[in-house]
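Indexing begins at 1, ligand by ligand and atom by atom, following the structure's order. We use all heavy atoms of the structure for the numbers below, so side chains are in, but hydrogens, waters and symmetry mates are not.
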Amino acid sequence: MQQILTEVQKQLADANNEARRLFHGRGHCFEGFEHVVIDWFPPYAVVRLYRDVEAEWLEALSATLKTVPEIKGLVIQQRSRGKEANQDAVWGDVPEQMETMELGLSYHVKPQRNQNSGLFLDMREGRRWVQENAKHKRVLNLFSYTCAFSVAAISGGADHVVNLDMSKGAISTGRDNHRLNGIKGDRVTFLAYDLFKSWKRVKQLGPYELIVIDPPSFQPGSFVAEKDYRKVIRRLNDLTEAGSQVLACHNDPKNGTDFLKQLMLEECPDFRFEERLANPADFPEAEIEKGLKVLLYIREK
Ligand SMILES: C[S@@+](CC[C@H](N)C(=O)[O-])C[C@H]1O[C@@H](n2cnc3c(N)ncnc32)[C@H](O)[C@@H]1O
């Protein structure tokens, strides 16, 4: 328990009152705690457990976190018990919906939701890169979810962002996230469609100087990386021009960077690999290839 507390305190010291992962056991850097993750939506902590644990251990964890003065409420989610099960706060008055901050921007989150609370915390460095590199660009945000990349791009001076996600609910939260940050509608387009049925529309709105591709690894019926990622990569030639940048993301521990690199090599020979973005310090990984992959490419001709 002391190991968890020490890491939580270390991450809290760096959190600057913004959303952050406080404990990333899934990165295999903390032996025996590979099933434990703790997220921070100040001032509330959300524990996610990826296998069943003993009730006494859970009580001890809850009591330990209660000793941390910054934490005003705790939610515990047992991921092994099904993604639909919303969890009650264990202690404290944790709201169902709230606003949280990242890189100085605000986002709507639902800390009690058992999956996808509204902001994927592991993508913070990707959003930072977009915020710093989107100035005067026309941006396409594929698999946009709640459009956090778009908020980051507009705040970084992007001319226009086209967001696409098949989830109407996610797109609706995306609109709210823009309003929350005072972003006017005329610089942003929202498409609540299945990407594989919308290429014509996406192309009409291009070409794009920056494209973010951040699909799920495995969402049967919608996107399965091994089969579908190539179909997206193949379209980049049509959607970009010389000088355009692409941020291709993949978060399946089974596939290393070679998975994306090979697809790019085969389908987009005009693109040059530039760099792999570093993951946030609050997501330590024992094996870097198993962590989130965010690869930057530039079209040369
Ligand atoms: C990993 S999340 C994206 C996270 C997002 N880029 C962010 O920064 O928060 C994956 C998203 O892909 C969407 N999705 C999955 N299959 C899709 C498809 N065929 N067409 C459009 N969206 C899809 C899901 O609805 C989900 O919101």
Part of Met123 with heavy atoms under 4.0 Å of ligand 1, whether side chain, backbone, both or neither
neither
Residue part near ligand 1, for Ser222, under 4.0 Å between non-hydrogen atoms
both
Going by heavy-atom distance to atom 7 (C) of ligand 1, choose the closest among Ile171, Val224, Asp214.
Asp214
Is there any N or O on Phe196 that sits under 3.5 Å from an N or O of ligand 1?
no
What is the distance from atom CG of Leu74 to atom CH2 of Trp91, rounded to the nearest 0.5 Å?
5.5 Å
Option with minimal heavy-atom separation from atom 12 (O) of ligand 1, where the choices are Ala152, Gly118, Pro216, Ala148:
Pro216
Are Lys261 and Phe273 in a cation-pi contact, defined as NZ or CZ under 6.0 Å from the six-membered ring centre and within 45° of the axis?
yes
To the nearest 0.1 Å, how far is atom 14 (N) of ligand 1 from its closest protein heavy atom, and which atom is that?
Phe143 CD2, 3.6 Å
Heavy-atom distances under 4.0 Å decide this one: backbone, side chain, both or neither, for Ser144 against ligand 1?
backbone
Do the side chains of Arg276 and Glu289 get close enough for a salt bridge, i.e. N-O under 4.0 angstrom?
yes
Leu195, any N or O under 3.5 Å of ligand 1 N or O:
yes
Lys/Arg-Asp/Glu bridge criterion (N-O < 4.0 Å) met for Arg127, Glu102
yes
Quick one: look up the protein heavy atom nearest atom 8 (O) of ligand 1 and list residue, atom name and how far away it is.
Phe149 CD1, 3.4 Å
Taking the six-membered ring of Tyr44 (Phe, Tyr or Trp), confirm whether the NZ or CZ of Lys72 is under 6.0 Å from its centre and within 45° of its axis.
no
Please identify which atoms of ligand 1 are closer than 4.0 Å to at least one heavy atom of Tyr193.
20 (N), 21 (C)
Side chain or backbone of Gln219 under 4.0 Å from ligand 1, or both, or neither, by non-hydrogen atoms?
side chain
Counting the benzene-type ring for Trp, do Phe223 and Tyr229 have ring centres under 6.0 Å apart?
yes
Below 3.5 angstrom, do we get any N/O pair linking Asp165 and ligand 1?
yes
The answer for which part of Ala170 has a heavy atom under 4.0 Å from ligand 1 is neither
Taking the six-membered ring for Trp and the single ring otherwise, decide whether the centroids of His24 and Phe30 are under 6.0 Å apart.
no
Could you measure the distance from the CD atom of Glu7 to the CG atom of Leu22? Nearest 0.5 Å is fine.
8.5 Å
Ignoring hydrogens and geometry, is there a side-chain-to-backbone donor-acceptor pair from Ser106 to Thr100 under 3.5 Å?
no
NZ-OG distance between Lys203 and Ser198, expressed to the nearest 0.5 angstrom:
15.0 Å
Per-atom contacts, ligand 1 versus Arg127 - under 4.0 Å to a heavy atom
8 (O)
Please report whether ligand 1 has a polar contact with Asp194, defined as an N or O pair separated by less than 3.5 Å (distance criterion only).
yes
Can you list the atoms of ligand 1 that are under 4.0 Å from a heavy atom of Phe223?
16 (N)
Proximal atoms of ligand 1 relative to Ser167 (non-hydrogen, under 4.0 Å)
25 (O)
What residue and atom, counting heavy atoms only, is the protein's closest point to atom 2 (S) of ligand 1, and at what distance?
Phe120 CE1, 3.8 Å
Between Arg299 and Thr240 (side chain of the first, backbone of the second, donor and acceptor by atom type, cut-off under 3.5 Å), is there such a pair?
yes
Protein contact of atom 21 (C) of ligand 1 - nearest heavy atom, named by residue and atom, plus distance
Met166 N, 3.3 Å
Is the backbone N or O of Gln245 less than 3.5 Å from a side-chain atom of Glu274, with the two atoms forming a donor-acceptor pair by type?
no
Backbone, side chain, both or neither: what part of Leu164 comes under 4.0 angstrom of ligand 1, heavy atoms only?
side chain
